[in-house]
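Here the structure is laid out as structure tokens; the discussion comes afterwards.
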Amino acid sequence: MGEGSLNNFVHTMIDEDIKNNKYQGRVHTRFPPEPNGYLHIGHAKSICLNFGTAKKYGGLCNLRFDDTNPSKEETEFVDSIMEDVKWLGFDWDDRLFYASDYFEQLYQFAVKLIQKGKAYVCELSPEKVREYRGTLKEPGKESPFRNRSIEENLTLFEKMRKGEFQDGSKVLRAKIDMSSGNLNMRDPVLYRIQKSEHHRTGNTWCIYPMYDFAHGQSDSIEGITHSVCTLEFEDHRPLYEWFLKELEIYAPRQIEFARLNLTYTVLSKRKLRALVEGKFVSGWNDPRMPTLSGIRRRGYTPEAIRNFCDMIGVSKSNSTVDFAMLEYCVREDLNKKAHRVMAVLDPIKVVITNYPEGQTELLDAENNPEDASMGSRKIPFSREIYIERDDFMENPPKKFHRLFPGGEVRLKFAYYIQCQEIVKNADGSIKEILCTYDPETKGGWSSDGRKVKGTIHWVSAVDALKAEARLYDLLFTKQNPDEVEEGKEFTDFLNPQSLEIKTIYVENTLKNAEIGQRYQFERKAYFCVDVESRKDALVFNRVVNLKDSWIKIQGKENP
RNA sequence: UGGGGUAUCGCCAAGCUGGCAAGGCAGCUGGUUUUGGUCCAGCCAUUCGGAGGUUCGAAUCCUUCUACCCCAGCCA
């Protein structure tokens with residue numbers, strides 16, 4: 001949907017509407033978040049669908065905050081939502097709206113309904129309302145206040161607005177059908193009394209419209225053609241349509257699609273909030289969170305997210321997307337964009353015994369083999385270097401083509417080295433590895449046609465910079481953390497290894513790495529400079545590992 | 001017999017005017033490679049939740065059964 005190129009059932013419906021000249025060929029959507037939390041990857045699906053659809057059809061998409069419940073909504077959230085939508089790459093131009101913009105209009109709509117004898121003020125307590133509503137299988141009972149006169153309803157409703165009644169003492173209800181199989185049609189509440197301050201209208205109102213009474217009418221006022229929402233609103237559609245019909249106003253078409261579910265994570269505001277409030281993560285923007293702010297900090301790109309939304313499609317079946325698909329999307333994007341750089345995450349020292357002591361030379365290293373225009377850099381090489389601990393094995397298995405006693409490997413961009421000796425500590429662990437290099441192989445090429453099986457990465461010990469690496473992994477150990485047995489909570493399945501902090505060595509060209517910059521640490525993973533990073537204390541977040549087929553081979557050889 | 005939905009490869013998902021199952025992810029085989037990365041080539045549903053039926057022919061139409069999801073907030 002980033003390009004609006006893929007088709008889906010929503011587009012099929014729009015195509016029909018266009019063919020039938022419904023809405024005169026217009027396409028106008030909206031993204032309607034409630035500002036009561038941070039946006040997550042599931043919202044990205046909706047954003048891409050709504051803005052993407054508008055783009056595809058040359059239409060418009062509004063950003064509208066559904067702020068009808070003052071007790072839950074805050075300005076902090078509207079700010080973060082706007083930031084996230086922009087970051088994702090979408091623009092609402094001058095069409096920023098709030099349901100609260102329409103409070104007066106909505107009030108007048110309610111008055112109209114009362115005048116038509118289609119709404120009444122009900123004084124049943126919340127408990128009684130529930131009781132009278134009936135159950136899923138049994139019809140409800142009519143409220144004793146259902147047949148008040150229009151005049152009395154008008155007076156009472158006006159007094160509600162004036163603040164003459166206590167919170168919860170009265171509500172305005174639609175008069176529809178207490179025996180409907182669809183509970184939403186059993187005289188739904190339109191307005192409740194809530195004397196709390198609204199983030200935008202302050203204290204000018206003490207009655208607030210319910211979602212059902214605000215959403216469709218807001219869509220109508222804005223001239224929305226296709227009101228796309230998630231599946232759970234499917235049984236609200238008859239009500240959505242009932243209001244527009246009774247109010248005799250322009251009617252958009254509501255279309256429902258399946259919300260996103262992702263393996264190994266949770267995507268409900270309630271649970272995400274619980275993770276933040278329970279300090280299981282550092283905040284809404286913790287790089288392990290599926291929030292857009294978390295994902296952004298982690299190092300995901302908007303392009304990768306948009307591509308992901310294109311890839312997963314849009315349908316009505318309740319599905320759970322494999323987290324691997326998201327990871328595929330970032331790798332694909334970062335492979336093209338990220339500078340390659342060398343970093344050793346788990347160092348072991350190698351001394352090149354025949355290399356002159358105290359000497360340092362600069363070697364050429366290309367920044368991205370996928371894109372020559374990204375140029376090259378100079379990296380320092382010296383007598384002592386660090387290599388990755390698992391790039392050396394004293395007793396290598398078959399097919400291990402890295403460094404081992406007597407073996408020769410290529411140090412990427414540098415020289416061929418051969419392992420001569422292992423120096424151990426008193427406890428038997430390896431202290432350092434002594435190697436010799438072949439001066440004729442500078443740059444990593446040999447003129448005699450000799451072949452080496454492996455190429456490994458390294459950093460010059462004296463030149464390397466120490467840095468902090470935050471290695472993130474899946475937040476949960478369970479594919480579906482929402483599915484918990486009796487007595488357990490979703491937080492019981494948090495992955496204790498979701499964050500590992502290490503001190504690593506990186507090549508000194510990273511000295512001026514800027515916050516938000518993404519790199520590929522050769523042969524390891526993509527990393528992104530964290531917001532907490534400083535010049536003298538670099539911090540890198542692991543975005544995602546590179547694919548590693550060696551672990552597969554290893555598993556097969558040594559089961 | 002509450003109402004509303006959904007069922008196509010391990011995971012997403014096309015297909016819906018009936019004509020003989022796209023694509024992606026994952027996986028598997030090979031090839032290229034100064035990243036065991038990328039890239040390239042090949043493989044991966046005789047079958048479309050089950051059972052009947054209509055038809056020369058059905059994932060697509062009809063009947064019926066089954067499974068799963070959503071709804072009893074003065075939340076959205």
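Side chains included, hydrogens not; waters and symmetry mates left out as well; all remaining heavy atoms used. Bear in mind that the values here come from a model prediction, so they are computed numbers and not experimental data. So you know, we letter chains A, B, ... as the sequences are listed, proteins then strands, and number each from 1.
Of the nucleotides present, rG5(B) is the one that pairs with rC68(B) by Watson-Crick or G-U wobble criteria, both distances under 3.5 Å. Nucleotide rG27(B) forms a pair with rC43(B), judged by Watson-Crick or G-U wobble geometry with both contacts under 3.5 Å. Taking a pair to require two hydrogen-bonding distances under 3.5 Å in either a Watson-Crick or a G-U wobble arrangement, rA59(B) remains unpaired.
At a threshold of 4.0 angstrom between heavy atoms, the contacts of Arg340(A) include nucleobase atoms, whether or not backbone atoms are also involved. Within 4.0 Å of Phe400(A), counting heavy atoms only, lies at least one base atom of the nucleic acid. Within the nucleic acid shown, Glu522(A) comes within 4.0 Å of at least one base atom, counting heavy atoms only. His457(A) comes within 4.0 angstrom of nothing in the nucleic acid, heavy atoms only. Using a 4.0 Å heavy-atom criterion, one finds that Thr320(A) contacts the sugar-phosphate atoms exclusively. Using a 4.0 Å heavy-atom cutoff across all strands shown, Gln520(A) reaches at least one base atom of the nucleic acid. If you check every strand for non-hydrogen atoms under 4.0 Å, Lys316(A) touches sugar and phosphate atoms only.
Residue pairs satisfying the salt bridge (Lys or Arg N to Asp or Glu O under 4.0 Å) criterion with at least one member in residues 439-456 of chain A, sequence neighbours excluded, are listed as follows: Glu361(A)-Lys442(A), Glu408(A)-Arg450(A), Asp438(A)-Arg450(A), Asp448(A)-Arg450(A).
Rounded to an integer number of Å, the gap from Arg259(A) CZ to rU6(B) P is 17 Å. In this entry the distance linking CG of Asn335(A) with P of rU33(B) reads 18 Å, nearest Å. For the pair Leu546(A) CG and rG37(B) C1', the interatomic distance rounds to 5 Å; values are reported in whole Å. In this structure, Ile551(A) places its CD1 atom 11 Å from P of rG37(B), rounding to the nearest Å. If you take CE of Met325(A) and P of rG10(B), they are 14 Å apart, rounded to a whole angstrom. Per the geometry, CD belonging to Glu366(A) stands 11 Å off C1' belonging to rU33(B), to the nearest Å. One interatomic measurement links the two molecules: CG of Leu49(A) to C1' of rC12(B), which rounds to 15 Å at whole-angstrom precision. In this structure, Met342(A) places its CE atom 18 Å from P of rG37(B), rounding to the nearest Å.
Take Tyr415(A) and apply the ring pair (Phe, Tyr, Trp, His ring centres under 6.0 Å) test, not counting sequence neighbours, and it matches Phe381(A), Tyr437(A). By the ring pair (Phe, Tyr, Trp, His ring centres under 6.0 Å) test, Tyr191(A) pairs with Phe157(A), Phe213(A), sequence neighbours left out. The side-chain contact (heavy atoms from CB on, under 4.5 Å) check on Asn184(A) picks up Asn182(A), Asp235(A), His236(A), Leu239(A), with sequence neighbours excluded. Residues meeting the side-chain contact (heavy atoms from CB on, under 4.5 Å) test with Lys162(A), sequence neighbours left out: Glu158(A), Glu164(A). Thr263(A) meets the side-chain contact (heavy atoms from CB on, under 4.5 Å) test with Thr320(A), Asp322(A), Phe323(A), Gln479(A); sequence neighbours excluded. Here Thr265(A) pairs with Leu262(A), Leu267(A), Pro290(A) under the side-chain contact (heavy atoms from CB on, under 4.5 Å) rule; sequence neighbours left out. Residues meeting the ring pair (Phe, Tyr, Trp, His ring centres under 6.0 Å) test with Tyr505(A), sequence neighbours left out: Tyr386(A). Qualifying ring pair (Phe, Tyr, Trp, His ring centres under 6.0 Å) partners for His457(A), counting only residues two or more places apart in sequence or in other chains: none.
If Ser549(A) and Val321(A) are placed on RNA chain B by their nearest nucleotide, the residue sitting closer to the 5' end is Val321(A).
Residues from residues 369-377 of chain A lying near RNA chain B, meaning a heavy-atom separation below 4.0 Å, are Pro369(A), Glu370(A) in numerical order.
Taking the ring centroids of Tyr519(A) and Tyr526(A), they lie at or beyond the 6.0 Å cut-off. Phe103(A) and Tyr208(A) have their aromatic ring centers within a separation under 6.0 angstrom. Checked against a 6.0 Å centroid threshold, the rings of Phe521(A) and Phe527(A) count as neighbours.
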Chi angles and distances behind the ring-ring contact (aromatic ring centres under 6.0 Å, His included) call for Phe77(A), Tyr38(A): CA-CA 6 Å; Phe77(A) 297 130; Tyr38(A) 283 74; 5.6 Å; yes
Per-nucleotide protein contact string for nucleotides 68-76 of chain B (B base, S sugar-phosphate only, - none; heavy atom under 4.0 Å): -SSBBSBSB
Please write out each protein N/O paired with an N/O of nucleotides 26-28 of chain B under 3.5 Å, distance rounded to 0.1 Å.
from	atom 1	to	atom 2	distance (Å)
rG27(B)	OP1	Lys552(A)	NZ	3.1

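Between Thr455(A) and the phosphate of rG36(B), there is no side-chain N or O to OP1/OP2 separation shorter than 4.0 Å. Residue Ser319(A) has no polar side-chain atom (N or O) positioned under 4.0 Å from OP1 or OP2 of rU6(B). Regarding contacts with the backbone of rG4(B), every side-chain N or O of Arg237(A) stays at 4.0 angstrom or more from both OP1 and OP2.
As rounded to the nearest Å, rG53(B) and rG18(B) have C1' atoms that lie 15 Å from one another. Using atom C1' as the reference point in both rC44(B) and rG49(B), the two lie 22 Å apart (nearest Å). Nucleotides rC62(B) and rA21(B) have their P atoms positioned 22 Å apart, rounded to a whole Å. The gap from the P atom of rG52(B) to that of rC16(B) amounts to 26 Å, rounded to the nearest Å. Nucleotides rC11(B) and rU54(B), compared at atom P, are 34 Å apart to the nearest Å. For the C1' atoms, the distance linking rG4(B) with rG37(B) amounts to 48 Å, nearest Å. Separation of the P atoms belonging to rG23(B) and rG2(B) is 44 Å when rounded to the nearest angstrom. Across the P atoms, rU6(B) and rA58(B) are found 24 Å apart, a figure rounded to whole Å.
Judged by atom type and distance alone, Glu332(A) does not reach the base of rU38(B) through any side-chain donor-acceptor pair under 3.5 Å. Looking at Arg402(A), its side chain comes within 3.5 Å of the base of rG36(B) through a donor and an acceptor atom.
By the 6.0 Å and 45° rule, Arg64(A) does not stack over the aromatic ring of Tyr98(A).
Smallest separation of non-hydrogen atoms from Ile553(A) and Lys399(A): CG2-CD, 4.0 Å.
By the rule that a glycosidic angle within 90° of 0 means syn, rG18(B) does not qualify and counts as anti.
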